[in-house]
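Before any comments, here is the structure.
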Amino acid sequence: RAWVFAEQFVAGAEVGDAKKEMLQLRNMSLAELNPNFAAIWSEAKRRRVNVTFDETSLAVGTGCGAQIWPMTALPEIDAIPWDIVLDVPIVLVTGSNGKTTVVRMVAAMARAAGHTVGYTCTDGVWIDGTQVESGDYSGPAGARRVLHDPTVTLAVLETARGGILRRGLALQHAEVAAVVTLSADHFGDYGIMDLESLAAVKLVTTHAVKSLGTLVINADVPELANGVSDYGGQLARVSINDAADDSSLAEIPATLAGTATHNVLNALVARQIAAALHLGPDANDALMRFGADPRDNVGRLMRRDLYDVSVVVDYAHNPQSVRALIDGTRSIQAQRRAIILGTGGDRDDIALHDIATAAFNSGIIDLYIAKEMPRFLRGRPPGTLSAAIITTLRALGVAESQIVNVSDDIAAVRHALRWAQPGDLLLLGVHDKRDTILTLLDSMHTLDWRAGDMVPEIAQV
């Protein structure tokens, strides 16, 4: 029915009411799943508690307040102990960049306030400080993994564009939703062609918080500001200009004394979320310590100083994050700078052109290492990712001696280390085999490695 309806609509044929058609399809699907499903859904909606489910299980409530059953054995409505069903505070964090850092900041603050925190991000799922899943869990599956854990008292969920577009939100109610940034990323996927449409996708999260929760937005993004012009719920606006009135932000280690302005913005968003959750002074103290330990934000602006070479590992994967990496490290004194450039194959040549241009326009890069992404080609022919970056760099006038083409992340990192001389800074845009690379850097630190020494071999993790 859905397919035929869509074909008729695209062809310009006369169709029925779309909302009515979708409602009929949903009701039919609910009835097909289980006779008790629709009744549970309706009662949970009346009580304003979350229902989360997949093909195998269903839960009412979340975290330590959840009751969970196999989908094949859903109870009668009167058999559910509604008096002990409740939702823990839930935070949804979305945006083009900064999501993972904000999630980790808020999780650290909530732990300091005494919560057992479950959080998801593109690196995996953590429960009470322990990683329980590895991989990209920024969609509904990761959300359910946290929300079905009986120990969790507060959840922080990275909520990516792809998950929203493919499967929607995993839940109906959240305490806070935050949209950190917007950038021209993944245009063309699912019909999203401009920032206005992308803002609409990110603001799907408003449906979870509109009535009782708080929406936090980056007020410096016009498309977000316009997108909430008619929003009727509690709204908190954050601007990087707010940092000018608060010098304490520069004391947060992750901001590199305030020079990493993208992390200043992330800290502002995290602090606003904490305020909406009433986490208290211990949470703010935790934010002020964030980044002192490199493990606080693994793979994001993660600095590792070897004997005479500085290294920063970061997830820079689009033009905005490449600019943020370079600008955020300008304050690090360096004789020369190298950067590794690459991204997944689901980005087009325009995005790759813009990544290379962002690095070139900084005016301070001495070596550009263009890498292939063999595990993340996503339909692209091998060799085309690095080729698009190199073509742009050549067109911009970069000398051949400043361009290197390598096969993958590990080869890129090893080349950068072999190139390094005393006083150099290596900006390592790492997307694959990060644990292997961090282990390599730890080994080199232990060995008191110096520029010019042989780069040790290490087994891949």
Side-chain angles (χ1 to χ4, degrees), residues 122-123 298-304 306 309-319 321-326 329 334 336-347 351-360 362 364-378 380-394 398-421 424-445 449 451-461:
T122 51
D123 283 341
V298 175
R300 269 70 176 178
L301 206 64
M302 191 175 183
R303 183 170 178 176
R304 169 59 101 181
L306 303 175
V309 175
S310 293
V311 175
V312 176
V313 177
D314 193 80
Y315 192 68
H317 65 296
N318 58 26
S321 57
V322 168
R323 283 191 294 270
L325 170 61
I326 297 172
T329 55
R336 303 180 303 167
R337 286 172 163 82
I339 189 168
I340 297 174
L341 300 174
T343 193
D346 52 350
R347 289 180 172 84
L352 292 162
H353 170 276
D354 291 346
I355 285 171
T357 302
F360 174 81
S362 70
I364 59 172
I365 301 300
D366 299 285
L367 179 69
Y368 302 84
I369 304 173
K371 66 177 180 180
E372 265 305 297
M373 300 278 283
R375 291 208 312 130
F376 302 99
L377 290 173
R378 292 164 181 165
R380 272 184 169 268
T384 57
L385 290 169
S386 57
I389 292 171
I390 289 172
T391 298
T392 298
L393 293 172
R394 287 170 175 162
V398 178
E400 289 295 326
S401 60
Q402 293 179 273
I403 303 173
V404 176
N405 187 2
V406 297
S407 60
D408 55 30
D409 281 80
I410 292 178
V413 170
R414 294 182 66 84
H415 186 94
L417 290 165
R418 288 194 297 267
W419 172 85
Q421 297 175 1
D424 287 349
L425 171 62
L426 309 179
L427 303 178
L428 309 182
V430 173
H431 308 97
D432 191 22
K433 302 295 183 182
R434 188 187 64 207
D435 290 346
T436 297
I437 290 163
L438 293 177
T439 300
L440 171 64
L441 295 174
D442 287 342
S443 173
M444 294 170 70
H445 181 77
W449 181 91
D453 291 351
M454 181 180 294
V455 178
E457 298 290 339
I458 190 166
Q460 293 192 26
V461 178

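Numbering starts at 1 and runs along the sequence shown.
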Show the atom names and distances, to 0.1 Å, of all donor-acceptor pairs under 3.5 Å that link a side chain in residues 412-421 to residues at least two apart or in another chain.
residue	atom	partner	partner atom	Å
R414	NH1	P456	O	2.8
R414	NH2	V455	O	3.1
R414	NH2	E457	OE2	3.1

Looking at residues at least two apart in the chain, or sitting in another chain, which of them share a side chain to side chain contact (heavy atoms under 4.5 Å, CB included) with [X]?
X    : value
P374 : E372, D408
S407 : A411
N405 : S386, I390

Minimum heavy-atom separation for [X] and [Y], please, with both atom names.
X    : Y    : answer
L385 : G345 : CD2-CA, 3.8 Å
T343 : M373 : O-CG, 3.1 Å
F360 : Y368 : CA-OH, 3.5 Å
A451 : V309 : CB-CG2, 3.8 Å
V298 : D123 : O-OD2, 3.8 Å

* Asked: Quick one: CG on L325 to CG on L427, what's the gap to the nearest 0.5 Å?
  -> 4.5 Å

* Asked: Should R304 and V313 be marked as a side chain to side chain contact (heavy atoms under 4.5 Å, CB included) after you check the CA-CA gap, both sets of side-chain angles, and the distance that decides it?
  -> CA-CA 8 Å; R304 169 59 101 181; V313 177; over 6 Å; no

* What pairs with N318 under side chain to side chain donor-acceptor pair (under 3.5 Å), at least two apart in sequence or on another chain? -> N97, D185, S321

* To do: Would you please test D409 and K433 for salt bridge (Lys or Arg N to Asp or Glu O under 4.0 Å) and show each step?
  => CA-CA 7 Å; D409 281 80; K433 302 295 183 182; over 6 Å; no

* Please step through side chain to side chain contact (heavy atoms under 4.5 Å, CB included) for the pair L440 and M444, ending with a clear verdict. => CA-CA 6 Å; L440 171 64; M444 294 170 70; 3.9 Å; yes

* Asked: Are L367 and R336 side-chain neighbours, meaning at least one heavy-atom pair lies under 4.5 Å?
  -> no

* With D453, which residues qualify under salt bridge (charged side-chain N to carboxylate O under 4.0 Å, His left out), at least two apart? -> none

